[in-house]
Amino acid sequence: MSPDSPIGVFDSGIGGLTVLKEIKARLPHENIIYFGDTARVPYGIKSGETVTRFSREISEYLVGQGVKMLVVACNTASSVALPTLRDNYPLPVIGVLMPGAYAAARATKSERVGVIGTEGTVNSGAYARLIRNIRSGTMVFAHACPLFVPLVEEGRLSGPITRLAAEEYLAPLMLEDIDTLVLGCTHYPLLKETIAGVMGPEVELIDSAFETAREVERVLDKLDMLNKSGAPGNTRYAVSDAPERFKRIGERFLGYEVPEVEKVEL
Ligand code: DGL
């Protein structure tokens, strides 16, 4: 492992590209391997045990590719699998929850924070635990928004259907009078405008993808493992199924072309 070794980033599918995009914007010289488990997505409705097993299998593959760091770019996997991954691999493992939790704890003035995510993330209670560990007096209200993931994958980032789903899902959080809302799922940053439109300008939205990229930089810098070559970084994309669909929808997530997507058997 050396500074020019790649960073391994993985997700249940396409959503982790929101995290990849932020890492690439922040650290343009890093080489990256992105793995999307498109054969087994969604993780959000599966048990913690199953998601942890999938996360181990993917990490095994990425570590075999010589990565210097693992980024679990999936909120559901981050909420259940991090301890197992940290116990099993002697390299830094970054999840998306901690950076988002810190940002939320810093942002809230009223100490009333909302979290939206998949059923798995919400049921794990992980965000609430982390936020309260950082700022003990904080009340955390978590709510699952299962329709948001398919809406984003269908490209419905705004419009009446998405607006209606957002109004319905967010209504209970509005009643709690929160001043900060964590977008606790990889897909939700793409719905930022719709969510902000429903919540209003008084509620600060926390984008865990952006916060995670900051954490990746901080940890690599501390370990003196940032790629200082000055050359543009290379990104490889791998999936467990349907590379064409990944490429098509992935380009919408990234806003630029995904060159080639490899299909990998784990
Ligand atoms: N990537 C997942 C997350 O951030 C959302 C999609 C899924 O359910 O697998 O929780």
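Whatever order the structure lists ligands and atoms in, that order sets their numbers, starting from 1.
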Give me the pairs of N or O atoms, one from ligand 1 and one from the protein, that sit under 3.5 Å apart.
{"from": "ligand 1", "atom 1": "1 (N)", "to": "D11", "atom 2": "OD1", "distance (Å)": "2.8"}
{"from": "ligand 1", "atom 1": "1 (N)", "to": "S12", "atom 2": "OG", "distance (Å)": "3.3"}
{"from": "ligand 1", "atom 1": "1 (N)", "to": "T186", "atom 2": "OG1", "distance (Å)": "3.0"}
{"from": "ligand 1", "atom 1": "4 (O)", "to": "N75", "atom 2": "N", "distance (Å)": "3.0"}
{"from": "ligand 1", "atom 1": "4 (O)", "to": "N75", "atom 2": "ND2", "distance (Å)": "3.4"}
{"from": "ligand 1", "atom 1": "4 (O)", "to": "T186", "atom 2": "N", "distance (Å)": "3.0"}
{"from": "ligand 1", "atom 1": "4 (O)", "to": "T186", "atom 2": "OG1", "distance (Å)": "3.2"}
{"from": "ligand 1", "atom 1": "8 (O)", "to": "Y43", "atom 2": "N", "distance (Å)": "3.4"}
{"from": "ligand 1", "atom 1": "8 (O)", "to": "G44", "atom 2": "N", "distance (Å)": "2.8"}
{"from": "ligand 1", "atom 1": "9 (O)", "to": "S12", "atom 2": "OG", "distance (Å)": "2.6"}
{"from": "ligand 1", "atom 1": "9 (O)", "to": "Y43", "atom 2": "N", "distance (Å)": "2.7"}
{"from": "ligand 1", "atom 1": "10 (O)", "to": "T76", "atom 2": "N", "distance (Å)": "3.1"}
{"from": "ligand 1", "atom 1": "10 (O)", "to": "T76", "atom 2": "OG1", "distance (Å)": "2.6"}

According to salt bridge (Lys or Arg N to Asp or Glu O under 4.0 Å), does anything in residues 162-173 pair up with another residue at least two apart or in another chain? List the pairs. R163-E167
Salt bridge check, E215 against R218: does any charged N sit closer than 4.0 Å to a carboxylate O? yes
Do T38 and D241 have side-chain atoms, one donor and one acceptor, less than 3.5 Å apart? no
Sorted by first residue and then second, give each side chain to side chain donor-acceptor pair (under 3.5 Å) pair with at least one member in residues 89-105; sequence neighbours left out. E60-Y89
Under 3.5 Å, which donor-acceptor pairs do the side chains of residues 248-266 form with other protein atoms, sequence neighbours left out?
{"from": "E251", "atom 1": "OE2", "to": "K247", "atom 2": "NZ", "distance (Å)": "3.1"}
{"from": "E251", "atom 1": "OE2", "to": "V258", "atom 2": "N", "distance (Å)": "2.9"}
{"from": "R252", "atom 1": "NH1", "to": "E153", "atom 2": "O", "distance (Å)": "3.1"}

Please determine, by modelled atom types, if Y188 and N75 share a side-chain donor-acceptor pair under 3.5 angstrom. no
